[in-house]
*Asks:* 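First the structure, then my questions, so here it is.
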Amino acid sequence: MEAAGNGRRDAALGGLAVLPDELLCAVVDLLQPTDIGRLACVSSVMYILCNEEPLWMSKYLSVGGRLEYKGSWKKTTLSRLSLCSENNEIEQKARHFDGFNSLYLYRRWYRCFTSLSSYSFDNGHVERKDDLSLDQFRPQYDGKSPVLLSKLVETWPARTKWTIQQLVLDYGEVTFRISQRSPQKIIMTLKDYVSYMELQHDEDPLYIFDDKFGESTPALLEDYSVPHLFQDDLFDVLDYDQRPAFRWLIIGPERSGASWHVDPGLTSAWNTLLCGRKRWALYPPGRVPGGVTVHVSDEDGDVDIETPTSLQWWLDIYPHLAEHEKPLECTQLPGETIFVPSGWWHCVLNLETTVAVTQNFVNQSNFEHVCLDMAPGHCHKGVCRAGLLAVPGKSIRDIENHPPGTVSKWNHTDMTRTEKRLKGSGPVRASNSVDQCSSFEFSDVHESLDNQIFSYNVDFLSQFLEKEKDHYTSVWSPTNPIGQREAREWLRRLWVLKPELRELIWKGACLAINVDKWYACLEEISACHSLPPPSEDEKLPVGTGSNPVFIVSDNVIKIYAEGGLGYSAHGLGTELEFYDLLQKVGSPLINHIPEIIASGFLVYEDGSYRTVPWDGKGMPDVLAKYYPLELSYANGCFPLGLWSKQQFGMDSSPDASNKPIWPYMVTRKCKGDIFARVRDTLSKTDLLNLASSLGVQMRNIHLLPLPLPHVELLPQSGDSNVKANDPPEWKHVISTLDGRKKNIKKHLANWGGSIPTVLIEKAEEYLPPDMGSLIKFVKILWTTTFLLRGLQKWVHSLMAKALGTQSWRD
């Protein structure tokens, strides 16, 4: 809303005057810098809008790279884009125009120049303690309540060494990562960043938030140590390059800070302040702060939080909160460490220039929550963060029927979850909950929640897991702290290295990877084929492949789950066909392939599992019952073999991924280890011998006689594009390629972080706009291409065996 007496605006904007200033600024932000410069010449009001510092800050952050601040964001951006020379004077005397005012621009200007020195010391909503023993900390605070500890780090060298002046003296030329406000990476030397801090007047200043500071400046790691209360970190069993980001150096000026969030993966955190003052606000789990909206994708569980900046929340929203709606608050002083439990919402505002270090961790208190958050689906992720507001049918009115709690109760160690939940209710929260709730769909279990109160207890939260989703067949959320394969490796290492915690680890593995289901499958397969029962050490899957694999005694049991029933059934069928071929021709490859002991299908019916043996020949009745496949080779010796798999792969129809039937195979365990674990120990001679051996085995592969593809699958001669008289399989090819192109970014992102984000973003640029144009190349070398695609898995499997790896490595 514009104030009265704003005559210049209407004349300067013409028909655009009907748009609010906030929308006009958003539109201008969509333009390129050169177009913004032209637009600034249109009228006086456009000149004002096009010279706003937040606009040019946004333009620079969209470019990214190494930042050298030149006193203003406009000058910095134009210099970065080479739109002006270094010696060209950009800054001119400011132009002033009468008859124009804007409440929106004024509020933004106020946030840029306001001082926070008037914030006084708080009255102690968060308990302050000098120090605690583990026996005191665990029952009173761990996983329950925040606490400030004032004498936890008195012996750190960082207490005296981590001042701005000393850090610049010691590390001024070192490059640090800057807080990510855009997809582009921003880096600055510490000297340049301190210069920026002294010159800037940004409403949301950039701050150093560097998770790699231990690599760029390892000497900083010698200046502090993890406090004794937080040394139990279950991510420590992973190698450094495998574990998620967990420690950050934080340096920021007045007005900077972290907006409302829940720490990644529901981990807990400690944050130690070395200089300056920080203002903290905290809400308990499930209590969404006013002005904040939580979005959880129903496709992959991706969590996205819309929130105002930290400063904007304190200035614009906090003053309007009723007393019972306000958060826990505290002012953190130099030398103090704050503990933030799993699931707690928190917002941090720097009241002056600050230097801090923080680490996130997983311990016995939050382990099950971290595992729960890794589970596929979106329902439980929403409830963990938004509470029962994420459940359809639980209206704000239901919550407001209960009297709110009082601030004095928030920190009471015996306070019930009911009081915490009621403390979080209020009209501000209600105004942000409608859209948030509408995107969730829950199972029938939630009909029984009418008389329940939100609890951060894992047993309560696990009710919202989507039972039909499985770890091996569902999309992995990109916001999970580690990738899908890394999660299985983590749980396996914990199982081996922390035997005293196996009861807890088992509970977490059941939540994250459905290990209880797969272990029941393992027991049935072992009993059916008279294999030794799995020992306590053998209860968890091994390896980082795409299917659950168990090693029991000298046997390897692989259960095919990836890709749904059709894909997994063909996976087993092609492996059985390959093994049969090796035996028929007497290939020397047979000496490098593990012996197949048993194979078949595992079926879940009437509350129990049963096995149906299958050697790959003929179509088993049980498969036709659950998934009737239309196959061109149904009458062949191996109906689910190589050529059937190729045709199936070109079929764009959806697969049945939640049928209660899984193929399986039992083989003898190979000797040796995974190549990735031993490659760094091999000598040059060993590597040459290995390469020579692989060359021999590759030649043996090419000597294998392969069945020729059915004549109907071969392309007809003609033009390079697909014609009406071409076989329908070509249309399947194009349809499949088009479908995979649409999902290429998500597919690459789900590989567990092995591909850099910058390459994933550019993936579509390497694909032709018309996938049909590839046909001319495919037709020329159709037979060769078709055969090689069919051999792809065989070659991979053989190389693994020749390297002495386990047979389950796929």
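For reference, positions follow the sequence shown, starting with 1. All values below come from the heavy atoms of this structure, side chains included, with hydrogens, waters and symmetry mates left out.
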*Asks:* Assess whether a salt bridge exists between D236 and R493, defined as any Lys/Arg side-chain N lying under 4.0 Å from an Asp/Glu carboxylate O.
*Replies:* no

*Asks:* Quick one: do K381 and D373 make a salt bridge, cutoff under 4.0 Å?
*Replies:* yes

*Asks:* To the nearest 0.5 angstrom, please state how far the OG atom of S587 sits from the CG atom of N700.
*Replies:* 5.0 Å

*Asks:* Measuring only between side-chain heavy atoms, which start at C-beta, is D470 closer than 4.5 Å to K517?
*Replies:*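 The answer is yes; the side chains approach within 4.5 Å.
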
*Asks:* For S683 and D686, test the side chains for any donor-to-acceptor distance below 3.5 angstrom and give the result as yes or no.
*Replies:*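 A pair is found: one side chain offers a donor N or O, the other an acceptor, under 3.5 Å apart.
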
*Asks:* Do the side chains of M619 and L640 get nearer than 4.5 Å, heavy atoms only?
*Replies:*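 Counting from C-beta outward, L640 and M619 do come under 4.5 Å.
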
*Asks:* Is a side-chain donor or acceptor of D554 paired with a backbone partner of K669 at a separation under 3.5 angstrom?
*Replies:*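 Here the side-chain-to-backbone pair does not exist.
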
*Asks:* Which atom pair, heavy atoms only, marks the closest approach of L642 to E577?
*Replies:* N-OE1, 2.7 Å

*Asks:* Describe, in one word, how the ring planes of W506 and W495 are oriented to each other, choosing from parallel (under 30°), tilted (30 to 60°) and perpendicular (over 60°).
*Replies:* tilted

*Asks:* Atom CE in M665, atom CG in L576: separation rounded to 0.5 Å?
*Replies:* 4.5 Å

*Asks:* What's the separation between atom CG in L531 and atom CG in N555, rounded to the nearest 0.5 Å?
*Replies:*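 L531 CG to N555 CG: 5.0 Å, rounded to 0.5 Å.
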
*Asks:* Short question: side chain of S526, backbone of E523 - any donor-acceptor pair under 3.5 Å?
*Replies:*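 Absent.
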
*Asks:* Any idea which heavy atoms bring R66 and T175 closest together, and the distance?
*Replies:*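 Result for this residue pair: NH1-OG1, 4.2 Å.
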
*Asks:* Do Y664 and E524 touch side chain to side chain, with heavy atoms closer than 4.5 Å?
*Replies:* no

*Asks:* Does any non-hydrogen side-chain atom of V585 lie less than 4.5 Å from one of P705?
*Replies:*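 Yes, close enough: below the 4.5 Å cut-off.
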
*Asks:* Would you say that Y560 contacts L565 through its side chain, given a criterion of any heavy-atom pair below 4.5 Å between the two side chains?
*Replies:*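 Of all side-chain heavy-atom pairs linking L565 with Y560, none is under 4.5 Å.
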
*Asks:* From L602 CG over to R610 CZ, what is the distance, rounded to the nearest 0.5 angstrom?
*Replies:*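 Answer rounded to 0.5 Å: 9.5 Å.
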
*Asks:* Output yes when D233 and R243 qualify as a salt bridge under the 4.0 Å nitrogen-oxygen rule, no when they do not.
*Replies:*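 Looking at R243 together with D233, the answer is yes, because their closest N to O distance falls below 4.0 Å.
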
*Asks:* Is the number of heavy atoms from other residues, nucleotides or ligands within 6.0 Å of CG (D621) greater than 12?
*Replies:*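 For D621, atom CG is not crowded (no more than 12 foreign heavy atoms under 6.0 Å).
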
*Asks:* Between I701 and Q697, is a side-chain contact (heavy atoms from CB on, under 4.5 Å) present by the stated rule, with each step listed?
*Replies:* CA-CA 6 Å; I701 284 183; Q697 306 314 323; 5.8 Å; no

*Asks:* Side-chain contact, heavy-atom cut-off 4.5 Å: F235 with P244?
*Replies:*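 F235 vs P244: side chains touch.
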
*Asks:* Side-chain contact test, heavy atoms from C-beta onward, threshold under 4.5 Å: evaluate it for M374 versus I482 and give yes or no.
*Replies:*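 Yes. Closest side-chain heavy atoms under 4.5 Å.
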
*Asks:* Could you label the plane-to-plane angle of the W614 and F601 rings as parallel, tilted or perpendicular, counting under 30° as parallel and over 60° as perpendicular?
*Replies:* tilted

*Asks:* Quick one: does P541's side chain get under 4.5 Å of Y472's, heavy atoms only?
*Replies:*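 They are in contact (side-chain heavy atoms under 4.5 Å apart), so the answer is yes.
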
*Asks:* Mind listing the closest non-hydrogen atom pair of C371 and W490 along with its distance?
*Replies:* SG-CZ3, 4.3 Å

